[in-house]
Engineer: 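My questions all concern the structure below.
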Amino acid sequence: MSNFLYIRPRAIVREGRTIEGEIVLVEGDRIVAVGPDAEIEKPEGCKEIIADDMLLVPGFIDLQINGGFGSDFTAAPDSVWEVAAQLPRYGVTAFLPTIITSPAETMEAAREVMQIGPPADFRGAIPLGLHLEGPFLSPEKRGAHNPAYLRLPTPEAVAGWSPETGVLLVTLAPELPGALATIGALVERGVVVSAGHSMATADEAEAGFAGGISYGTHLFNAMPPLDHRAPGLAGALLASNDVTVGLIADGIHLHPDVVALSWKAKGAARFSLVTDAMAALGMPPGQYRLGDWDVTVDGAAARLPDGRLAGSLLSLDQAVLNLVGFTGCEPAEALLTVTAVPAALLGIEEQRGHIAPGLQADLVLLTPELEVVTTIVGGQIVYSAPG
């Protein structure tokens with residue numbers, strides 16, 4: 001049987017542009033050719049996907065997701081694979097399971113899940129490594145994190161954290177004592193460090209950027225509001241030309257106008273859509289877990305008993321649609337925020353986030369209205385929309 005997959009869409013969306021008349025040829029788990037149909041020989045016996053009315057785009061990457069489909073990664077780290085199997089319905093082909101502030105044992109259990117790897121015959125989105133959101137956060141901006149587990153950062157506390165041991169991204173508050181030394185230790189080992197859940201002044205934030213912070217976790221949420229005389233972390237993130245920001249574009253965490261202003265300030269190259277989705281993603285209203293807490297979900301938002309937001313119900317494909325609606329940007333630009341931008345942040349742009357020869361064949365077919373029809377992970381179709 002041929003190991004090739006030939007895909008002919010109406011257009012390919014890559015590098016922020018929509019290009020018509022090209023096809024993609026996949027061999028095994030890799031893209032081997034991209035270009036005009038007449039220039040690429042179709043191998044005999046290969047599988048074909050003819051989608052003349054659809055867009056072919058890179059697979060989506062979610063940098064912050066707490067769980068879904070009834071499971072919470074912090075409460076049950078081994079649920080990662082169950083959730084991963086269902087995420088392709090939203091176009092997600094890779095993601096960072098997010099573990100919120102919790103005992104060290106929980107973080108170690110999550111790291112072990114990453115190092116053991118998937119169960120036999122697993123098919124779904126690929127967890128690239130953990131996003132540890134905490135425990136080095138400001139008590140004043142802890143959000144839905146349990147204050148009992150917060151601690152000050154030290155290089156010793158993160159000594160075992162690296163991509164090789166399952167940790168890709170760490171969110172911390174850069175103003176905390178010991179933060180700069182901890183940032184340096186993490187960055188030296190290849191971990192991406194993000195500023196978030198923080199009371200940092202603009203000066204403290206910029207010191208963190210100079211020390212190696214390259215990302216901002218859910219801009220505006222869990223940080224002081226922007227003030228014209230005290231811009232704080234939010235202002236520093238918006239003003240930086242080098243730091244990428246994550247945003248939750250559900251219309252609840254941020255007003256659509258704030259999303260639009262952030263888009264104008266940062267531009268597509270430094271703008272990353274995330275879901276911050278929790279266990280209720282894909283589920284009906286009810287009670288769900290986020291770490292230690294019971295969260296009430298009403299179909300629109302997830303909240304703690306005191307009214308604080310506790311993650312979201314947002315899917316990544318809906319986030320892209322919302323960004324287009326909130327900003328008026330072109331769909332090809334919006335798609336960069338869930339493909340090329342997160343891949344560049346993680347340093348995996350030569351593996352994922354683009355459609356080009358040699359890259360992982362993580363691909364999504366969308367309708368012109370950006371609805372997910374087919375999701376391909378590693379050259380294998382893992383989701384097809386009903387009907």
Engineer: Does the side chain of N66 come under 3.5 Å of the side chain of D276 through a donor N or O and an acceptor N or O?
Structural biologist: yes

Engineer: Quick one: pull up CG in N221 and CG in L254 and give me the separation to the nearest 0.5 Å.
Structural biologist: 5.0 Å

Engineer: Under 4.5 Å between side-chain heavy atoms, hopping through other hydrophobics if needed: is there a path connecting I252 to I248?
Structural biologist: no

Engineer: Taking the side chain as every heavy atom from C-beta outward, state whether E204 and P174 have any atom pair closer than 4.5 Å.
Structural biologist: no

Engineer: Between the side chain of E175 and the main-chain N/O of M199, is any donor-acceptor distance below 3.5 Å?
Structural biologist: yes

Engineer: Flag yes if I19 and L336 sit in one hydrophobic cluster, no otherwise; membership is Ile, Leu, Val, Met, Phe, Trp, Tyr, and two members link when side-chain heavy atoms are under 4.5 Å apart.
Structural biologist: no

Engineer: One pair to check against side chain to side chain contact (heavy atoms under 4.5 Å, CB included): Y383 and T374. What are the steps and the verdict?
Structural biologist: CA-CA 5 Å; Y383 172 77; T374 302; over 6 Å; no

Engineer: Are V382 and V338 linked, directly or through other ILVMFWY residues, by side chains that come within less than 4.5 angstrom of each other?
Structural biologist: yes

Engineer: Which value, rounded to the nearest 0.5 Å, describes the distance between D257 atom CG and S262 atom OG?
Structural biologist: 10.5 Å

Engineer: Return the minimal non-hydrogen interatomic distance between A280 and L313, and the atom names on each side.
Structural biologist: CB-CD2, 3.6 Å

Engineer: Start with the C-alpha gap between Y90 and T375, add the side-chain angles, then the distance that decides, and say whether side chain to side chain donor-acceptor pair (under 3.5 Å) holds.
Structural biologist: CA-CA 8 Å; Y90 304 125; T375 303; over 6 Å; no

Engineer: Any donor-acceptor pair under 3.5 Å linking the side-chain atoms of D294 with those of Y288?
Structural biologist: no

Engineer: Out of L238, L233, V245, V259, which residue meets the side-chain contact (heavy atoms from CB on, under 4.5 Å) rule with F220?
Structural biologist: L238

Engineer: Do you know which of N146, T74, T101 makes side chain to side chain donor-acceptor pair (under 3.5 Å) with D292?
Structural biologist: N146

Engineer: Side chains of R270 and V243: closer than 4.5 Å at any heavy-atom pair?
Structural biologist: no

Engineer: State, yes or no, whether a side-chain contact exists between P9 and L365 at a heavy-atom distance under 4.5 Å.
Structural biologist: yes

Engineer: Got a second to check how far I213's CD1 is from L180's CG, nearest 0.5 Å?
Structural biologist: 7.5 Å

Engineer: State plainly whether the residues D53 and R10 are in salt-bridge range, i.e. N to O under 4.0 Å.
Structural biologist: no

Engineer: Between the side chain of S79 and the main-chain N/O of A76, is any donor-acceptor distance below 3.5 Å?
Structural biologist: yes

Engineer: Start with the C-alpha gap between L137 and H145, add the side-chain angles, then the distance that decides, and say whether side chain to side chain contact (heavy atoms under 4.5 Å, CB included) holds.
Structural biologist: CA-CA 9 Å; L137 310 179; H145 293 245; 3.4 Å; yes

Engineer: Can you tell me if R17 has over 12 outside heavy atoms packed within less than 6.0 Å of its CZ?
Structural biologist: no

Engineer: With distance as the sole test, does D72 use its side chain to make a donor-acceptor pair with the main-chain N or O of G67 at under 3.5 Å?
Structural biologist: no

Engineer: Verify, without hydrogens or angle tests, whether T327 (side chain) and L323 (backbone) share a donor-acceptor contact under 3.5 angstrom.
Structural biologist: yes

Engineer: More than 12 heavy atoms of other residues, nucleotides or ligands under 6.0 Å from CD of E349: is that the case?
Structural biologist: yes

Engineer: Look only at the side chain of H131 and the backbone of L63, and say whether a donor-acceptor pair between them is shorter than 3.5 Å.
Structural biologist: yes

Engineer: Examine the side chains of S315 and D317 and answer whether a donor and an acceptor come within less than 3.5 Å of each other.
Structural biologist: yes

Engineer: What's the spacing between L56 CG and L366 CG if we round to 0.5 Å?
Structural biologist: 8.5 Å

Engineer: Taking atom types as modelled, is there a side-chain donor on Y149 or T106 under 3.5 Å from an acceptor on the other?
Structural biologist: no

Engineer: If you define the side chain from C-beta out and look only at heavy atoms, does anything of D29 sit under 4.5 Å from Q380?
Structural biologist: no

Engineer: Decide yes or no for R14 and V34: does some side-chain heavy atom of the first lie under 4.5 Å from some side-chain heavy atom of the second?
Structural biologist: yes

Engineer: Does D306, at its CG atom, have more than 12 non-hydrogen atoms belonging to other residues, nucleotides or ligands within less than 6.0 Å?
Structural biologist: yes

Engineer: Give a yes/no verdict on a cation-pi contact between K266 and F271, requiring under 6.0 Å between NZ or CZ and the six-membered ring centre and an angle within 45° of the axis.
Structural biologist: no

Engineer: Please report the C-alpha distance between T217 and E133 in whole Å, then the side-chain angles of each, then the deciding distance to 0.1 Å, and finally whether the side chain to side chain donor-acceptor pair (under 3.5 Å) criterion is met.
Structural biologist: CA-CA 9 Å; T217 295; E133 190 184 5; 5.8 Å; no

Engineer: Whether the side chain of R189 engages the backbone of W161 through a donor-acceptor N/O pair (distance < 3.5 Å, no angle test) should be reported.
Structural biologist: yes

Engineer: Is I50 reachable from V57 through a run of hydrophobic residues whose side-chain heavy atoms are each under 4.5 Å from the next?
Structural biologist: no

Engineer: V113 and V170: same hydrophobic cluster, using ILVMFWY side-chain contacts below 4.5 Å?
Structural biologist: yes

Engineer: Which heavy atom of W81 sits nearest a heavy atom of P119, and at what distance?
Structural biologist: CG-CD, 3.6 Å

Engineer: Can you check side chain to side chain contact (heavy atoms under 4.5 Å, CB included) on M107 and L132, steps first, answer last?
Structural biologist: CA-CA 8 Å; M107 291 184 284; L132 298 181; 4.2 Å; yes

Engineer: Under 3.5 Å, is there a donor-acceptor pair between the H354 and T339 side chains?
Structural biologist: no

Engineer: Looking only at heavy atoms, which two atoms of L237 and G216 are closest? And how far apart?
Structural biologist: CD2-CA, 3.8 Å

Engineer: Whether the R111 and T165 side chains hold a donor-acceptor pair (N or O, under 3.5 Å, no angle test) is what I'd like checked.
Structural biologist: yes

Engineer: Using a cut-off of 6.0 Å, state whether more than 12 heavy atoms not belonging to E41 lie near its atom CD.
Structural biologist: no

Engineer: When you measure from the side chain of T182 to the backbone N and O of T154, does any donor-acceptor pair fall under 3.5 Å?
Structural biologist: yes

Engineer: Given 3.5 Å as the limit, does a donor-acceptor pair link the side chain of T337 with the main chain of L335, or not?
Structural biologist: no

Engineer: Does E188 have more than 12 heavy atoms from other residues, nucleotides or ligands lying within 6.0 Å of its CD?
Structural biologist: no

Engineer: State whether a side-chain donor-acceptor pair under 3.5 Å links T275 with D62.
Structural biologist: yes

Engineer: Can you tell me if S162 and E164 form a side-chain donor-acceptor pair at under 3.5 Å?
Structural biologist: yes

Engineer: Quick one: are H197 and S138 in side-chain contact, heavy atoms under 4.5 Å?
Structural biologist: no

Engineer: Could you measure the distance from the CG atom of L316 to the CG atom of L87? Nearest 0.5 Å is fine.
Structural biologist: 9.5 Å

Engineer: For the atom pair CD (Q64) and CG (L273), what is the distance rounded to the nearest 0.5 Å?
Structural biologist: 12.0 Å

Engineer: Taking all heavy atoms of A343 and all of R352, pick out the closest pair and write down the distance.
Structural biologist: CB-O, 3.3 Å

Engineer: Return the minimal non-hydrogen interatomic distance between P127 and V80, and the atom names on each side.
Structural biologist: CG-CG1, 3.8 Å

Engineer: State, to 0.1 Å, how close T171 and A195 come at their nearest heavy-atom pair, and which atoms those are.
Structural biologist: CG2-C, 4.4 Å

Engineer: Can you tell if the side chain of T296 reaches within under 4.5 Å of the side chain of Q287, non-hydrogen atoms only?
Structural biologist: yes

Engineer: Would you say E112 has more than 12 foreign heavy atoms packed within less than 6.0 Å of its CD?
Structural biologist: no

Engineer: For H218 together with H253, are the ring centres under 6.0 Å from each other?
Structural biologist: no

Engineer: Less than 4.0 Å between a side-chain N and a carboxylate O, is that true for R8 and E48?
Structural biologist: no

Engineer: With no hydrogens and no angle check, is any side-chain donor or acceptor of R30 less than 3.5 Å from a backbone partner on G358?
Structural biologist: yes

Engineer: Side chain to side chain contact (heavy atoms under 4.5 Å, CB included) between F4 and L25: does it pass, once the steps are laid out?
Structural biologist: CA-CA 7 Å; F4 288 93; L25 184 64; 4.1 Å; yes

